[in-house]
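The structure under discussion appears below in the form of structure tokens.
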Number of protein chains: 2
Amino acid sequence: MKNTLGFQPLYKQVYEQLIKRISDGDWKPSENLPSEFALAAELGVSQGTVRKALNALEAEKLVERRQGKGTFVTEHTNEASNFRFFRLVRQDGSRLKPEGVVESIKQRAAKRQEQSVLALKDKEQVYEIRRLRMVDQTPCVAETIIIPQALFPKIDQQAAVSASLYPLYQREYGISVANAEEQIQAELANKQTAKRLALDVGTPLIRVDRIAKTINNQCIEWRSSLCDTRSFIYSVSVT
Amino acid sequence: MKNTLGFQPLYKQVYEQLIKRISDGDWKPSENLPSEFALAAELGVSQGTVRKALNALEAEKLVERRQGKGTFVTEHTNEASNFRFFRLVRQDGSRLKPEGVVESIKQRAAKRQEQSVLALKDKEQVYEIRRLRMVDQTPCVAETIIIPQALFPKIDQQAAVSASLYPLYQREYGISVANAEEQIQAELANKQTAKRLALDVGTPLIRVDRIAKTINNQCIEWRSSLCDTRSFIYSVSVT
DNA sequence: GAGTGGTCTAGACCACGCA
DNA sequence: GCGTGGTCTAGACCACTCT
């Protein structure tokens, strides 16, 4: 790893190298990476350069570093994943702990739009998961989740689909969601949605369309959530 | 600035010191900060420590650094400010350049909720600005903006209120918006909103409530935007 | 060419976690 | 007491900008 051929700064090369090895599964979630000195020796760079790469990985939440313990691949626990990706909060700003109720899981061929969003081949299979998220026994979000069958085989036989999905993706399939794009629109509850969320037809809802991506920017989930925002509010900070 | 008394790391102290001097106006927007070596000499620390502080400031978009030129206090231009804080995009993801049409600017006493959000005293005065944002001659957002009169004197006499406001705040009043919290709810267009946005009563809209803060976390604006999301979509990335 | 930030290195010392 | 990451320093060299 000399700098003679590379156009990229050394620490960037180290960064990419580490990303590759993490996504290859060289180190599992919650597993210890080698120490800074060990990585530096292995890659033939100084410890400071490795540190810069590791700090960048930490900033993107791909690893967690703890003084005295070491560097760990970020693990999606139910709490952390929920805190990071579930953006509905109470009026006072406090966070929710929603439970999931699975309505249905179907396997079918991907529709055209799903093919393009998830980069699927023609006629490729997907799972369509329909869930309700409940807070205090009251439904507040109706989700439709589309994931490629090839990436998540037999997920319809998993009992844990009612919990947070991202920990399941990571634990059972080795797929970690690294970031997501969300798009929000307003719409009215139709008859079916009204029934799912136990509210009146014509109630205004927000539709949150999320495309979730891995560390390699591969799109692995398309999730559409209809949220009743009378009790809970979608909250985000702009920096 | 020795480390004997400080509980904080040196670079953090430097960081806070620089924030203070920026918000005191020691350096104006788009003005050059001293070089790393000059700051290091002045503060009695090494250049590497100053660099760490400056990089942190850059990560929070408070300064911009350019190789060969120097470090500058971030300037809110119309384009940059719009790109950063205006989150509606077209269906294809491309960004909008909205124009503003001022409907009214009134001065009045702050209401109770405004007092608490903006940390105002009883009976303190605010401006209430009502604007429409237009794209291609079509109104898509109806805004109500509340700002303390004490911070923005005579803003009702400014011609530039129809443009992006944050550049105006910075240029005319020396107040820079550093970050914001947005909360989103769905609601139906009432008669007045329907008229403002030229759509039917009962059309579903998203209400985006934004609280904008300065570098010192002082809340300086409360903005409520009603957005027609049939043509444009609120877009945000979750990391 | 002079001055700026960007990269890379090497080494010292500190704070934390654990056996 | 050892190994980890966290801080701080000092110095070398590179890349970019301006004059």
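Letters A, B, ... are given to chains in the order of the sequence lines, protein chains preceding strands, and every chain is numbered from 1. Just the heavy atoms: all of them, side chains too, but no hydrogens, waters or symmetry mates, feed the values below.
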Atom-pair distance (CG on B:N32; P on D:dC18), nearest Å:
11 Å
OP1, OP2 of D:dT4 versus side-chain N and O of A:T71: anything below 4.0 Å?
no
Calculate the interatomic distance between A:R66 atom CZ and D:dG6 atom C1'; express it in whole Å.
15 Å
Atom CZ of B:F37 and atom C1' of C:dG3: how far apart are they, to the nearest Å?
11 Å
Would you say A:R210's side chain and A:F85's backbone share a donor-acceptor pair under 3.5 angstrom?
yes
Does B:R65 come within less than 4.0 Å of B:E36, counting only side-chain N to carboxylate O?
yes
Between D:dT9, C:dG5, D:dG6, spot the one nearest the side chain of B:S46, thanks.
D:dT9
For this output row, return yes or no: ring centroids of A:Y169 and A:F152 closer than 6.0 angstrom.
yes
Tell me whether the OP1 or OP2 atom of D:dG6 has a side-chain N or O from A:R65 closer than 4.0 Å.
yes
Side-chain atoms of B:S35 come closest, of C:dG6, C:dT4, C:dC8, to C:dT4
To the nearest 0.5 Å, atom CD of B:Q91 lies from atom CD1 of B:I233 at 4.0 Å
Round to a whole Å and report the spacing from CD of B:Q47 to C1' of C:dG3.
13 Å
How many whole angstroms separate atom CD of A:Q13 from atom P of C:dG6?
19 Å
For B:Q67 and D:dC16, give me the distance from atom CD to atom C1', rounded to whole Å.
5 Å
List for me each residue that meets salt bridge (charged side-chain N to carboxylate O under 4.0 Å, His left out) alongside A:D26, sequence neighbours excluded, and say none if there are none.
A:R21
Per A:K69 side chain, nearest of listed nucleotides C:dG5, C:dG17, D:dT9
C:dG17
Mind checking if B:Y11 touches a base, just sugar-phosphate, or nothing, with heavy atoms under 4.0 Å?
sugar-phosphate
Closest to side chain of A:L10, choosing from C:dT9, D:dA10, C:dG6:
C:dT9
Starting at CG of B:L43 and ending at P of D:dT9, how long is that distance when rounded to a whole Å?
11 Å
Of the options C:dG6, D:dC8, D:dG5, whose atoms approach the side-chain atoms of B:E36 most closely?
C:dG6
Residue closer to the 5' end of DNA chain C, B:N55 versus A:G68 (nearest nucleotide)
B:N55
B:L54 atom CG is separated from C:dG5 atom P, nearest whole Å, by 8 Å
